[in-house]
Q: 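Could you have a look at this structure, given as structure tokens, before my questions?
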Amino acid sequence: MTPTITAFESSPDRGKGLARDMRVRWALEEVGQPYEVRLVSFSAMKEPAHRALHPFGQIPTYEEGDLALFESGAIVFHIAERHAGLLPEDADARARAITWMFAALNTVEAPIIELQTAKFAEGDKPWTAERLPLIKDRIRKRLGELSDRLGDADWLDGAFSAGDLLMVHALLRLKPSGMLDEYPNLAAYVARGEARPAYKRAFAAQLAVFTGKAPTG
Ligand code: GTB
């Protein structure tokens, strides 16, 4: 059964692939699972029909037959469990890859989201100028630790996994800030993720929503 995901009808990032449908599209492309996309407006997201799928009125969601999921991490995990290619077969290696999925979302992405919130949702507040450097310090702490662990490896634990997919996508939001470039191995890690054919297909598909042009090739 072809799954259907939801994405922004009009993404505020104008097709930069930063919204969280991108990581779901990327996972589906990695495993070769075709999918359909239902685009939703900001107001439709808050309507009961969408809230029945997503209690918090957000994207992405994932529907496959009777199954409806929300939370990009849970959706990527579901895809990785049902298809080969995103989680290792070996039980211990699989557990470690899942650990990296949680680390990406809970430990690395969390302060990055805090920065976005402080800049874009609370940018006009009197405390923002004092708060931003504190948040940036917290992000740099995590980036330094992640950089130390990655070292000169290509991926976090052996072969590319769902842990790398979520980590790369979380880090991508830092690109405009220039902070990633302070950690050359992390910048190269993110570039390796972006160079994957599955990433490129997913990126082109979400960009096409913004440009109104179907992806080619
Ligand atoms: N924890 C949830 C998950 O991982 O799925 C978070 C889902 C979420 O934050 N969804 C956002 C949303 O629906 C879109 S991705 N927002 C609408 C709302 O809450 O009303 C977050 C996002 C939005 C915009 C950009 N951007 O413009 O760069 C990047 C990421």
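Side chains are part of it too, since the values below use all heavy atoms of this structure and drop only hydrogens, waters and symmetry mates. Treat the numbers as computed from the prediction; the structure is a model and nothing was measured.
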Q: Given the rule that I, L, V, M, F, W and Y join up when any side-chain heavy atoms are under 4.5 Å apart, are Val209 and Leu18 in one cluster?
A: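 Yes: a chain of side-chain contacts under 4.5 Å links Val209 to Leu18.
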
Q: Given the rule that I, L, V, M, F, W and Y join up when any side-chain heavy atoms are under 4.5 Å apart, are Leu87 and Leu156 in one cluster?
A: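 Hydrophobic grouping puts Leu87 with Leu156.
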
Q: Please answer: with hydrophobic residues joined when any side-chain heavy atoms are less than 4.5 Å apart, are Ile79 and Leu67 in the same cluster?
A: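 Yes; Leu67 is reachable from Ile79 via cluster members.
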
Q: Strictly below 4.0 Å, N to O, side chains only: are Glu64 and Arg82 in salt-bridge contact?
A: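 No salt bridge links Glu64 with Arg82.
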
Q: Does any N or O in the side chain of Asp164 come within less than 3.5 Å of the main-chain N or O of Ser161, such that one atom is a donor and the other an acceptor?
A: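 Answer holds: yes.
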
Q: Nearest 0.5 Å, what's the CE-CD1 distance between Met179 and Ile112?
A: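 Met179 CE to Ile112 CD1: 8.0 Å, rounded to 0.5 Å.
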
Q: With rounding to the nearest 0.5 Å, note down the distance linking CG in Leu86 to CD in Glu30.
A: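 Answer rounded to 0.5 Å: 6.0 Å.
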
Q: State, yes or no, whether a side-chain contact exists between Glu182 and Leu143 at a heavy-atom distance under 4.5 Å.
A: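 When only atoms from C-beta onward are counted, Leu143 and Glu182 do not touch, as no gap falls below 4.5 Å.
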
Q: Counting only N and O atoms by type, is there a donor-acceptor contact under 3.5 Å from the side chain of Gln206 to the main-chain atoms of Gly15?
A: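 Flag set: sc Gln206 to bb Gly15 pair under 3.5 Å.
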
Q: Please tell me if the side chains of Lys136 and Arg140 come closer than 4.5 Å, counting only heavy atoms from C-beta onward.
A: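 SC-SC contact between Lys136 and Arg140 confirmed.
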
Q: Test side chain to side chain contact (heavy atoms under 4.5 Å, CB included) on Asp92 and Arg96; report intermediate values, then the result.
A: CA-CA 6 Å; Asp92 287 356; Arg96 289 196 304 273; 3.9 Å; yes

Q: With a 4.5 Å cut-off on side-chain heavy atoms, are Val24 and Arg20 touching?
A: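 Not touching, per the 4.5 Å side-chain cut-off.
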
Q: Side-chain contact, heavy-atom cut-off 4.5 Å: Leu172 with His169?
A: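 Result yes, sub-4.5 Å side-chain heavy-atom pair found.
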
Q: Can you check whether Leu186's main-chain N or O pairs, donor with acceptor, with Ser147's side chain at less than 3.5 Å?
A: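 Judged by distance alone, no pair lies under 3.5 Å.
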
Q: Mind telling me whether Tyr199 and Trp26 have parallel, tilted or perpendicular rings, with 30° and 60° as the class edges?
A: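 Perpendicular, since the angle between the ring planes exceeds 60°.
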
Q: In Å, rounded to the nearest 0.5 Å, how long is the span from CZ of Arg192 to CG of Asn185?
A: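 Rounded to the nearest 0.5 Å, the CZ-CG separation comes out at 8.0 Å.
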
Q: Measure the spacing between OG1 of Thr2 and CD of Glu63 and express it to the nearest 0.5 Å.
A: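 Nearest 0.5 Å value for the OG1-CD distance: 12.5 Å.
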
Q: Within the distance-only criterion (no hydrogens, no angle test), does the side chain of Thr117 pair as donor or acceptor with the backbone N or O of Ile113 below 3.5 angstrom?
A: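 Answer holds: yes.
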
Q: Testing the basics here: between Ser177 and Lys119, what is the closest heavy-atom pair and its distance to 0.1 Å?
A: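 Looks like CB-NZ, 4.4 Å.
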
Q: Identify the heavy atoms of Ala19 and Asp13 that sit nearest to each other, and give their distance.
A: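 For Ala19 versus Asp13, the nearest heavy atoms are N-OD2, 3.6 Å.
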
Q: Quick one: do Glu109 and Arg142 make a salt bridge, cutoff under 4.0 Å?
A: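 Looking at Glu109 and Arg142, the cut-off is not met.
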
Q: If I compare all heavy atoms of Leu39 with all of Val37, which pair ends up nearest, and what's the gap?
A: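 Scanning both residues completely, I find the closest heavy atoms to be CD2-CG1, 3.8 Å.
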
Q: Leu134 and Glu130: which non-hydrogen atoms are nearest, and at how many Å?
A: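 Looking at all heavy atoms of both residues, the shortest contact is CG-O, 3.7 Å.
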
Q: Heavy-atom count around Asp66 CG within 6.0 Å, excluding the residue itself: above 12?
A: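 No, the 6.0 Å shell around CG holds no more than 12 heavy atoms from other groups.
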
Q: Please check if atom CZ in Phe102 has more than 12 non-hydrogen atoms from other residues, nucleotides or ligands closer than 6.0 Å.
A: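 No, CZ of Phe102 has 12 or fewer neighbouring heavy atoms, counting only those of other groups under 6.0 Å.
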
Q: For Lys175 and Glu194, which heavy atoms make the closest approach, and how far apart are they?
A: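 Shortest heavy-atom separation between Lys175 and Glu194 comes out as NZ-OE2, 2.9 Å.
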
Q: Report yes if some heavy atom in the side chain of Thr6 is under 4.5 Å from a heavy atom in the side chain of His50; otherwise report no.
A: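 Contact flag for Thr6/His50 side chains = yes.
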
Q: Given Leu53, which partner from the list Ile59, Val40, Leu69, Thr61 fulfils the side-chain contact (heavy atoms from CB on, under 4.5 Å) test?
A: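 Exactly one pass, corresponding to Thr61.
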
Q: Are any non-hydrogen side-chain atoms of Ile139 and Ile135 less than 4.5 angstrom apart?
A: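 Yes, close enough: below the 4.5 Å cut-off.
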
Q: Yes or no on side chain to side chain contact (heavy atoms under 4.5 Å, CB included) for Met45 and Phe8, after CA distance, side-chain angles and deciding distance?
A: CA-CA 9 Å; Met45 264 178 245; Phe8 280 135; 3.3 Å; yes

Q: Is there a side-chain contact between Asp137 and Lys141, using heavy atoms and a 4.5 Å cut-off?
A: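 No, every pair of side-chain atoms sits at 4.5 Å or beyond.
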
Q: Flag the pair Glu29 and Arg25 as a salt bridge only when some basic side-chain nitrogen lies within less than 4.0 angstrom of an acidic carboxylate oxygen.
A: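 No, Glu29 and Arg25 are not salt-bridged.
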
Q: Do Ile75 and Met1 belong together in a cluster built from hydrophobic side chains that touch within less than 4.5 Å?
A: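 Cluster IDs for Ile75 and Met1 differ.
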
Q: Hydrophobic cluster membership, with links at side-chain heavy-atom distances under 4.5 Å among I/L/V/M/F/W/Y: are Ile5 and Phe70 in one?
A: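 Per the 4.5 Å side-chain linkage, Ile5 and Phe70 are not co-clustered.
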
Q: Is the count of non-hydrogen atoms from other residues, nucleotides or ligands lying under 6.0 Å from Arg51 atom CZ greater than 12?
A: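 Buried by this count: over 12 neighbours within 6.0 Å.
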
Q: Does any part of the side chain of Tyr189, heavy atoms only, come nearer than 4.5 Å to the side chain of Trp155, both counted from C-beta?
A: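 Yes, close enough: below the 4.5 Å cut-off.
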
Q: Please check if the side chain of Asp157 supplies one atom and the backbone of Ala97 the other of a donor-acceptor pair under 3.5 Å.
A: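 It does not hold such a pair.
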
Q: Could you give the distance from CZ (Arg94) to CD (Glu89), rounded to the nearest 0.5 Å?
A: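 It is 6.5 Å, given to the nearest 0.5 Å.
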
Q: Starting at CE of Met22, measure out to CG of Leu165 and round the result to the nearest 0.5 Å.
A: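 Rounded to the nearest 0.5 Å, the CE-CG separation comes out at 8.0 Å.
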
Q: List the atom of Gly73, the atom of Leu166, and the distance in Å for their closest heavy-atom pair.
A: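 Smallest heavy-atom distance, with atoms named: CA-CD1, 4.4 Å.
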
